[in-house]
K.L.:
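Mind looking over this structure? Questions follow.
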Amino acid sequence: MQVLGWLKPSRSVPVTRWRSDRRWTGRPRTLGALFLGLCMYGAGDGFMVASGLGVGPWTVLAEGLTTRLSLTIGAATFIVSTLVLLLWIPLRERPGLGTISNIILIATSLQVTVNLLPKPGTVLAPVYVILGIALIGLGSGFYLTANLGPGARDGLMTGIHHRTGWPVVRIRLGIEVIVLAIGWALGGTVGIGTIAFALFIGPSVGYGLMLVGRLGRVPGETRAYVEEQQFPELDA
């Protein structure tokens, strides 16, 4: 039973040694966890883009923009995230260092990964999808536990929730469906990778949080998780 408990994915954000109590400052290990997590997240996105089998909804939108404008996938991702951040203004959401770092580092590491990865064959492409989803999950575990502010897309979701009272899971689902439809209409890649992302990103993030939580567990901490910071995708 203890083994099964250890293998259970987390449904909340763990308290770690590097967790910051402020949105704009952090110790070196806090910044290290944040930057490592965001780079891993961007690399995961890059693996999925390189697979050619489909990507997550927001990257579908970014890909759609590259087909209409003279943009790289990294630049399109940066622009999309920046525009989403502007939507925080009427919602009165407050960004943090993690929010700004999210926009810059994910777009950069995504582009670097796409540039460096060789084009996969039929056998390797699904492996890229699996690695991509795993990297996004583990990367989320690191950057979320830094507690330096949510990403632009997560802040949009929580901002709408705070202003309307609508359930977070329904808001997230609605946003993802709308973004996916727009991206697909613009020419973004939708395929088996997109379906795999929808099915497995929740569990991947859950296991990422679980692994990072155990790695960064605070000695003597009895409450291992911050219960008020529920990660909504895990209950979808």
Side-chain angles (χ1 to χ4, degrees), residues 38 40-85 87 102-103 106-140 151-157 160 168-208 231-236:
L38 293 176
M40 292 178 70
Y41 193 113
D45 260 346
F47 268 96
M48 295 199 67
V49 170
S51 76
L53 296 179
V55 291
W58 288 96
T59 310
V60 172
L61 177 58
E63 280 193 332
L65 290 178
T66 66
T67 66
R68 304 289 177 168
L69 304 171
S70 298
L71 296 172
T72 63
I73 185 67
T77 299
F78 177 85
I79 290 172
V80 168
S81 296
T82 302
L83 292 175
V84 171
L85 184 60
L87 295 176
N102 184 298
I103 294 173
I106 288 181
T108 301
S109 57
L110 188 164
Q111 187 63 58
V112 169
T113 303
V114 170
N115 290 344
L116 293 178
L117 283 176
K119 188 174 182 179
T122 304
V123 175
L124 194 58
V127 177
Y128 275 22
V129 171
I130 294 170
L131 287 174
I133 293 174
L135 281 171
I136 291 172
L138 187 57
S140 295
R153 293 165 285 188
D154 290 329
L156 175 64
M157 171 189 64
I160 294 174
V168 169
V169 173
R170 293 182 185 178
I171 293 171
R172 185 58 175 248
L173 178 60
I175 292 174
E176 299 278 327
V177 169
I178 291 171
V179 167
L180 179 62
I182 295 173
W184 193 11
L186 290 174
T189 305
V190 176
I192 190 172
T194 310
I195 297 173
F197 183 91
L199 291 175
F200 298 113
I201 191 59
S204 179
V205 173
Y207 282 111
F231 196 76
E233 287 85 345
L234 305 185
D235 294 314

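This one's a predicted model, so the numbers in the text were calculated from it and none came from an experiment.
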K.L.:
Apply side chain to side chain contact (heavy atoms under 4.5 Å, CB included) to residues F197 and T59 and explain how you reach the verdict.
P.N.:
CA-CA 11 Å; F197 183 91; T59 310; over 6 Å; no
K.L.:
Of L180, V177, I178, I175, which meets side chain to side chain contact (heavy atoms under 4.5 Å, CB included) against P57?
P.N.:
L180
K.L.:
Looking only at heavy atoms, what is the nearest atom pair of A50 and L117, with distance?
P.N.:
CB-CD1, 3.8 Å
K.L.:
Can you tell me if CD1 on I192 sees more than 12 non-hydrogen neighbours from other groups inside 6.0 Å?
P.N.:
no
K.L.:
Can you give me the closest heavy-atom contact between A125 and P120, atom names plus distance?
P.N.:
N-CB, 3.7 Å
K.L.:
Just verifying a value: how many Å separate I133 CD1 and L138 CG, rounded to the nearest 0.5 Å?
P.N.:
14.0 Å
K.L.:
Let me confirm one number: the CG-OG1 distance from L124 to T122, rounded to the nearest 0.5 Å.
P.N.:
10.0 Å
K.L.:
Kindly give the heavy-atom pair with the smallest separation between V190 and T194, and that separation in Å.
P.N.:
CA-OG1, 3.5 Å
K.L.:
Any side-chain heavy-atom pair from R172 and D154 closer than 4.5 angstrom?
P.N.:
yes
K.L.:
Could you give the distance from OG1 (T77) to CD1 (I103), rounded to the nearest 0.5 Å?
P.N.:
11.5 Å
K.L.:
Please name all residues satisfying side chain to side chain contact (heavy atoms under 4.5 Å, CB included) with L38, sequence neighbours left out, ordered by chain then number.
P.N.:
L34, S101, N102, L105, I106, Y143
K.L.:
Please check if the side chain of S140 supplies one atom and the backbone of V205 the other of a donor-acceptor pair under 3.5 Å.
P.N.:
no
K.L.:
Between S51 and M48 (side chain of the first, backbone of the second, donor and acceptor by atom type, cut-off under 3.5 Å), is there such a pair?
P.N.:
yes
K.L.:
Do V60 and V179 have side-chain heavy atoms sitting under 4.5 Å apart?
P.N.:
no
K.L.:
For A75, enumerate each residue passing the side chain to side chain contact (heavy atoms under 4.5 Å, CB included) test, keeping only those at least two apart in sequence or located in another chain.
P.N.:
L71, T72
K.L.:
Hey, does D45 have a side-chain heavy atom less than 4.5 Å from the side chain of V55?
P.N.:
no
K.L.:
With rounding to the nearest 0.5 Å, note down the distance linking CD1 in I79 to OG1 in T66.
P.N.:
11.0 Å
K.L.:
Might you point out which heavy atoms bring G137 and S204 nearest each other, and give the distance in Å?
P.N.:
CA-OG, 3.2 Å
K.L.:
State the CD1-CD1 distance between I160 and I171, to the nearest 0.5 angstrom.
P.N.:
6.0 Å
K.L.:
Closer than 3.5 angstrom, by distance alone: can the side chain of T189 be matched with the main-chain N or O of V49 as a donor-acceptor pair?
P.N.:
no
K.L.:
Heavy atoms only: give me the nearest A62-A76 pair and the separation to one decimal.
P.N.:
O-CB, 3.4 Å
K.L.:
Which distance, rounded to the nearest 0.5 Å, do you find between the CG of L61 and the CD of E176?
P.N.:
11.0 Å
K.L.:
Can you tell me which residue pairs pass the ring-ring contact (aromatic ring centres under 6.0 Å, His included) test with a partner in residues 44-85, sequence neighbours excluded?
P.N.:
F47-Y128
K.L.:
Nearest heavy-atom pair of A152 and S81: which atoms, and what distance?
P.N.:
CB-O, 3.6 Å
